[in-house]
Amino acid sequence: MIVRFVLGLILALVSLTAQAQGTWTAWVYSPADGSVVRISAQGEIIDAYRLPLSPAFNAYGIAALTSPNGRFVAYTAIDTITGGGNQQLVVYDTQAGVIRFTYDLTGVDTDGLSFARFPHSSAFDENAQTLAFGVVRGGDWELVVANLANETLSGGAPLTADEAGLEHGNMLPIPEIVRGNAVRFFLLPLGTSYFREYAANLWTPGQAVVEVGASSAFSDILPRSGEIATPVYDPDLPTAATSDGPVLAYNTVDLVQNGRIAMLHDSSIDIAQVWWIGGGSQLLLQGFDTGINADVLKVYGRDGVLAGQFSGGLRDIQGAPDGFVGLFPSGGGVGIAYVATFGGAFSSSTIWTTGDPAARLIHVQG
């Protein structure tokens, strides 16, 4: 989701020089040529490389997903020469320098690929070398668990609506987290307005699908612990809903791990998205504040105490050990903004800029 920018935030970000401290690294992907540039917290280019293409493919899609520690990168490859819609999903192993897995995506558009819509790095399990992704093809859905170690599908085939006993049709499976070859996911209906909550399911290839609670399209997952922070509507608490706004405004964030525990409540905004930041010790909330008629970003600690807020927004937000990182428009391209969220007053800085407006921030490692 690209949030409207408030001019004051843009000016503040652009006016500051790169003063960030820390050892994290930002990964920027350019669909124009399939390049990945890794940039230090001080704005220095560490390295750059181009993701490989299989024979018969000559272009890249807009989507890319990186595993939590950066070993694997999943992306899409396109054949623009034949014009037959030939495309595939590719997983590149950055350690071995080889393509580890491919999957045919013929008949799948960008909206019909899970990590093009909601790029959760927790859809990878690096230890088990597995990746889960969902697609919609031919008007129905399939959920795939790929075994990257032997380049096969776990269970031998994707999960389909018939096998799962779930709803058919234009539903996109969104994997939230994978452990081994077991994947927690929900079905996102395409072509309609998003609901507030969806049933969360657990599937292990060879076993029946089990419902395990609820989730949201706007949640975030800590890969190392599996904690899911998800915005929900609590009817017993005040909300930011107004006569001309959402009837059921998200007003609470839950932590989901072995059950649901209400973590914090905010009635001043309709919570549109949450992210884990600060190494998992903080949460970033984005929403529209009707009181000031602007988008806001709010930082909360795990204790539910508000640490600070400001107007504006960023896209491709990623948590960093000492704050968060995101992209903002800059001179016809985009810039990397870093926001430190510890030690009192927040500080913002522009780390790096590129003239490519389609560049995506796909990972922050550190």
Side-chain angles (χ1 to χ4, degrees), residues 61-63 65 74-78 84-91 101-125 128 130-148 150-221 226 228 230 232 256 260:
I62 63 171
L65 179 71
Y75 51 101
T76 54
I78 305 169
N86 186 25
Q87 56 184 337
Q88 69 176 188
L89 181 147
V90 183
V91 180
F101 179 81
T102 62
Y103 190 76
D104 177 37
L105 292 180
T106 302
V108 177
D109 62 24
T110 299
D111 284 345
L113 176 63
S114 58
F115 67 78
R117 303 290 295 271
F118 298 101
H120 294 310
S121 66
S122 51
F124 278 100
D125 183 336
T130 51
L131 165 68
F133 58 92
V135 301
V136 175
R137 190 197 321 255
D140 220 333
W141 60 268
E142 55 193 65
L143 176 64
V144 179
V145 177
N147 186 319
L148 307 178
N150 56 23
E151 303 183 25
T152 62
L153 302 187
S154 295
L159 177 71
T160 63
D162 282 337
E163 182 183 351
L166 299 174
E167 186 175 353
H168 279 268
N170 206 28
M171 314 284 289
L172 178 60
I174 305 294
E176 294 185 301
I177 188 166
V178 175
R179 287 290 185 264
N181 62 352
V183 53
R184 174 186 161 118
F185 72 98
F186 64 90
L187 293 176
L188 179 76
L190 300 181
T192 62
S193 298
Y194 291 159
F195 300 140
R196 284 302 185 175
E197 289 187 11
Y198 301 92
N201 303 287
L202 182 67
W203 176 56
T204 302
Q207 300 182 20
V209 175
V210 179
E211 186 172 333
V212 290
S215 193
S216 162
F218 311 110
S219 60
D220 196 26
I221 302 97
I228 302 175
T230 182
V232 296
V256 182
R260 301 180 66 184

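Keep in mind that the numbers below use all heavy atoms, side chains included, and drop hydrogens, waters and symmetry copies.
In this structure, CG on Leu65 lies 11.5 Å from OG1 on Thr76, to the nearest 0.5 angstrom. The distance from atom CG of Leu89 to atom CG of Leu131, rounded to the nearest 0.5 Å, is 7.0 Å. Going from atom CZ of Phe133 over to atom CZ of Phe185 covers 14.0 Å, rounded to the nearest 0.5 Å. With values rounded to the nearest 0.5 angstrom, Ile174 atom CD1 is found 11.0 Å from Ser216 atom OG. Atom CD1 of Ile177 is separated from atom CG of Leu202 by 10.5 Å, given to the nearest 0.5 angstrom. Considering OG1 of Thr160 and CH2 of Trp141, their distance stands at 6.5 Å, rounded to 0.5 Å.
Note on residues 154-180: pairs passing salt bridge (charged side-chain N to carboxylate O under 4.0 Å, His left out), not counting sequence neighbours, are Glu176-Arg184.
Applying the salt bridge (Lys or Arg N to Asp or Glu O under 4.0 Å) rule to Asp104 yields the partners Arg137; only residues at least two apart in sequence or on another chain are considered. Residues meeting the side-chain hydrogen bond (donor to acceptor under 3.5 Å, both in side chains) test with Thr102, sequence neighbours left out: none.
Contact record, Pro173 with Glu142: CG-O, 3.7 Å, taken as the closest heavy-atom pair. When all heavy atoms are compared, the tightest approach of Ala123 to Val178 is O-CG2, 3.3 Å. Closest of all the heavy-atom pairs between Pro175 and Leu143 is CG-CD1, 4.0 Å. When all heavy atoms of Asp125 and Gly180 are compared, the pair lying nearest together is OD2-N, 2.7 Å. Taking every heavy atom of both residues into account, Ala74 and Phe124 meet most closely at CB-CZ, 3.9 Å. Phe115 approaches Pro119 most closely through the heavy-atom pair O-CB, 3.5 Å.
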- Item | CA sep, side-chain torsions, deciding dist, call: Phe101, Leu153, side-chain contact (heavy atoms from CB on, under 4.5 Å) | CA-CA 10 Å; Phe101 179 81; Leu153 302 187; 3.7 Å; yes
- Message: Apply side-chain contact (heavy atoms from CB on, under 4.5 Å) to residues Leu190 and Arg117 and explain how you reach the verdict.
- Response: CA-CA 11 Å; Leu190 300 181; Arg117 303 290 295 271; 3.0 Å; yes
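Note on ring orientation: taking the six-membered ring where Trp is involved, the planes of Tyr198 and Phe186 are parallel (angle under 30°, cut-offs 30° and 60°).
A distance-only check finds a donor-acceptor pair linking the side chain of Gln87 to the backbone of Leu105 [under 3.5 Å].
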